[in-house]
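Below, read A as the first sequence line, B as the second, and so on, with proteins coming before strands; counting in each chain starts at 1. Keep in mind that this is a model prediction, so the values were computed, not measured.
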Protein chains: 2
Amino acid sequence: MALDALDRRLLEQLQHDASQTNQALAHAVGLSPSACLKRVKRLKEAGVIVQQVVLLDPQKLAPSLHMVVEIIMARDHRALYQRFVERVMQEDEVKQCYQVTGEVDFVLIVEVVSMEAYDDFCDRVLYTDDNLQKFRTLISRQRNKFVTHRALS
Amino acid sequence: MALDALDRRLLEQLQHDASQTNQALAHAVGLSPSACLKRVKRLKEAGVIVQQVVLLDPQKLAPSLHMVVEIIMARDHRALYQRFVERVMQEDEVKQCYQVTGEVDFVLIVEVVSMEAYDDFCDRVLYTDDNLQKFRTLISRQRNKFVTHRALS
DNA sequence: CGTGAAATATGTATCGT
DNA sequence: ACGATACATATTTCACG
């Protein structure tokens with residue numbers, strides 16, 4: 001699906017604030033409400049807009065720990081990788097999973113309520129995978145930045 | 001601010017789908033629309049809900065590269081760290097910044113449109129910082145998972 | 001893409017528990 | 001203090017130009 005300048009302006013807006021009314025959005029990009037609504041609807045149907053969510057302030061919730069986990073696989077085999085990815089994706093603690101090049105094979109961002117919970121996670125997900133050779137955990141003291149928006153070319 | 005079971009159910013819902021109408025939300029958690037609206041408003045005012053955004057499908061947009069960047073500082077000094085954090089936070093390419101413990105000091109998730117753009121970023125942000133000792137870049141071939149929701153204790 | 005009117009939802013005041 | 005009901009206001013949504 002081709003995105004024109006108007007679509008990009010809409011997405012730019014919505015990536016920063018999706019709570020504004022359709023009217024406000026229309027005004028912000030210089031469209032009539034109906035035309036604006038049609039475009040947003042089209043972007044949703046086309047799958048460009050995947051989801052609309054609220055982001056919460058971690059400080060206002062029960063404290064949690066973020067871990068950056070680097071994983072080195074024993075063998076670079078497609079099916080084994082695939083199995084690992086599927087395993088990892090269904091775990092709630094895993095918030096992000098990157099497949100990377102170099103010495104490391106995967107980087108996970110894992111969020112847990114406590115060190116014990118992380119131990120459990122490692123036992124359950126990491127130590128049991130027989131293609132996992134080694135992993136290293138970087139414990140996050142602080143998440144200084146977290147934004148979800150993407151540049152639109 | 002204390003969150004009761006009803007607040008948690010609301011946040012649970014909104015973290016997965018913030019596009020639903022207040023009526024639908026009210027019904028989902030078993031409240032009247034007005035009571036539901038009051039609670040959501042309160043959660044926003046209290047700063048528990050920080051932002052409402054749309055998430056886009058990376059596949060549907062112009063391709064981009066994610067980098068996981070591990071940074072080791074020369075000296076563990078608070079003011080120098082602070083300066084680096086502030087520098088890094090204002091860069092659009094930096095989507096996430098974690099301050100971690102261990103050999104590595106910072107982990108960044110950086111998103112760029114091309115390898116050249118990443119070179120530029122390194123020149124501009126990393127190579128110019130005089131407290132930065134060393135960094136390692138893990139190039140993401142694929143982002144297998146990315147979710148924003150948090151567990152609510 | 002814009003206009004305008006019907007359908008829906010939001011927001012507020014008031015009452016009841 | 002919190003939720004429900006009902007009503008006024010605002011927004012969404014659709015047919016048509």
Side-chain angles (χ1 to χ4, degrees), chain A residues 1-64 113 147-153, chain B residues 1-57 59-62 147-153:
Chain A
M1 181 192 170
L3 302 178
D4 64 11
L6 233 26
D7 287 328
R8 282 196 294 274
R9 289 173 69 184
L10 284 170
L11 293 174
E12 207 72 69
Q13 285 282 325
L14 291 172
Q15 281 194 100
H16 286 94
D17 180 11
S19 73
Q20 61 195 310
T21 64
N22 182 60
Q23 291 191 344
L25 183 63
H27 182 256
V29 302
L31 274 180
S32 72
S34 71
C36 179
L37 190 68
K38 260 185 264 185
R39 276 178 181 265
V40 173
K41 208 169 172 180
R42 196 163 57 94
L43 289 167
K44 283 182 184 163
E45 279 161 5
V48 177
I49 295 175
V50 175
Q51 208 184 1
Q52 184 166 331
V53 299
V54 297
L55 304 182
L56 308 184
D57 182 348
Q59 311 247 19
K60 299 275 167 58
L61 305 175
S64 71
V113 297
V147 298
T148 57
H149 64 261
R150 280 181 43 103
L152 298 172
S153 76
Chain B
M1 180 195 171
L3 302 178
D4 64 10
L6 233 26
D7 287 327
R8 281 197 293 273
R9 288 173 71 184
L10 285 170
L11 294 174
E12 206 72 68
Q13 284 282 325
L14 291 172
Q15 281 194 102
H16 286 94
D17 180 11
S19 73
Q20 61 196 313
T21 64
N22 181 58
Q23 290 194 340
L25 183 63
H27 182 256
V29 302
L31 274 180
S32 71
S34 72
C36 179
L37 192 68
K38 258 187 270 184
R39 275 177 180 266
V40 173
K41 205 170 174 181
R42 196 162 57 96
L43 289 166
K44 282 181 184 164
E45 278 161 5
V48 178
I49 295 175
V50 176
Q51 207 185 2
Q52 185 167 330
V53 301
V54 298
L55 304 181
L56 308 184
D57 182 349
Q59 310 248 20
K60 298 274 165 59
L61 306 174
V147 298
T148 57
H149 64 260
R150 277 181 44 104
L152 298 172
S153 73

Where the side chain of [X] is concerned, which of [options] is the nearest nucleotide?
{"X": "B/Leu37", "options": "D/dT12, C/dC1, C/dT10", "answer": "C/dT10"}
{"X": "B/Leu31", "options": "C/dT10, D/dG3, C/dG2", "answer": "D/dG3"}
{"X": "B/Ser34", "options": "D/dA6, D/dC14, D/dG3", "answer": "D/dA6"}
{"X": "B/Arg39", "options": "D/dG3, C/dA9, C/dT12", "answer": "D/dG3"}
{"X": "B/Ser32", "options": "C/dC1, D/dA4, C/dT10", "answer": "D/dA4"}
{"X": "A/Ala35", "options": "C/dA9, D/dT5, C/dC1", "answer": "C/dC1"}
{"X": "B/Gln23", "options": "D/dT12, C/dC1, C/dA9", "answer": "C/dA9"}

(message) Testing A/Leu25, A/Asp4, A/Val29 one by one against A/Arg39 for a side chain to side chain contact (heavy atoms under 4.5 Å, CB included), which residue passes?
(response) A/Asp4
(request) Report yes if a side-chain nitrogen or oxygen of B/Lys41 is closer than 4.0 Å to either non-bridging phosphate oxygen (OP1 or OP2) of C/dT12; otherwise report no. (result) yes
Tell me the interatomic distance from [X], atom [atom1], to [N], atom [atom2], rounded to whole angstroms.
{"X": "A/Leu10", "N": "C/dC1", "atom1": "CG", "atom2": "P", "value": "10 Å"}
{"X": "B/Leu6", "N": "D/dC2", "atom1": "CG", "atom2": "P", "value": "11 Å"}
{"X": "B/Asn22", "N": "D/dT12", "atom1": "CG", "atom2": "C1'", "value": "15 Å"}
{"X": "B/His27", "N": "D/dT5", "atom1": "NE2", "atom2": "P", "value": "13 Å"}

(request) Measure the CG-CG distance between B/Leu61 and A/Leu11 for me, rounded to the nearest 0.5 Å. (result) 7.0 Å
(request) Can you measure from OG1 (A/Thr148) to CD (A/Gln51) and round to the nearest 0.5 angstrom? (result) 10.5 Å
(request) Ignoring hydrogens and angles, tell me if any N or O in the side chain of B/Asn22 forms a donor-acceptor pair with the backbone of B/Pro33 under 3.5 Å. (result) yes
(message) By nearest heavy atom, map A/Lys38 and A/Gln20 onto DNA chain D; which one lands nearer the 5' end?
(response) A/Gln20
(request) Would you classify B/Leu25 as touching base, sugar-phosphate or nothing, given that sugar-phosphate means primed atoms plus P, OP1 and OP2, and contacts are heavy atoms under 4.0 Å? (result) nothing
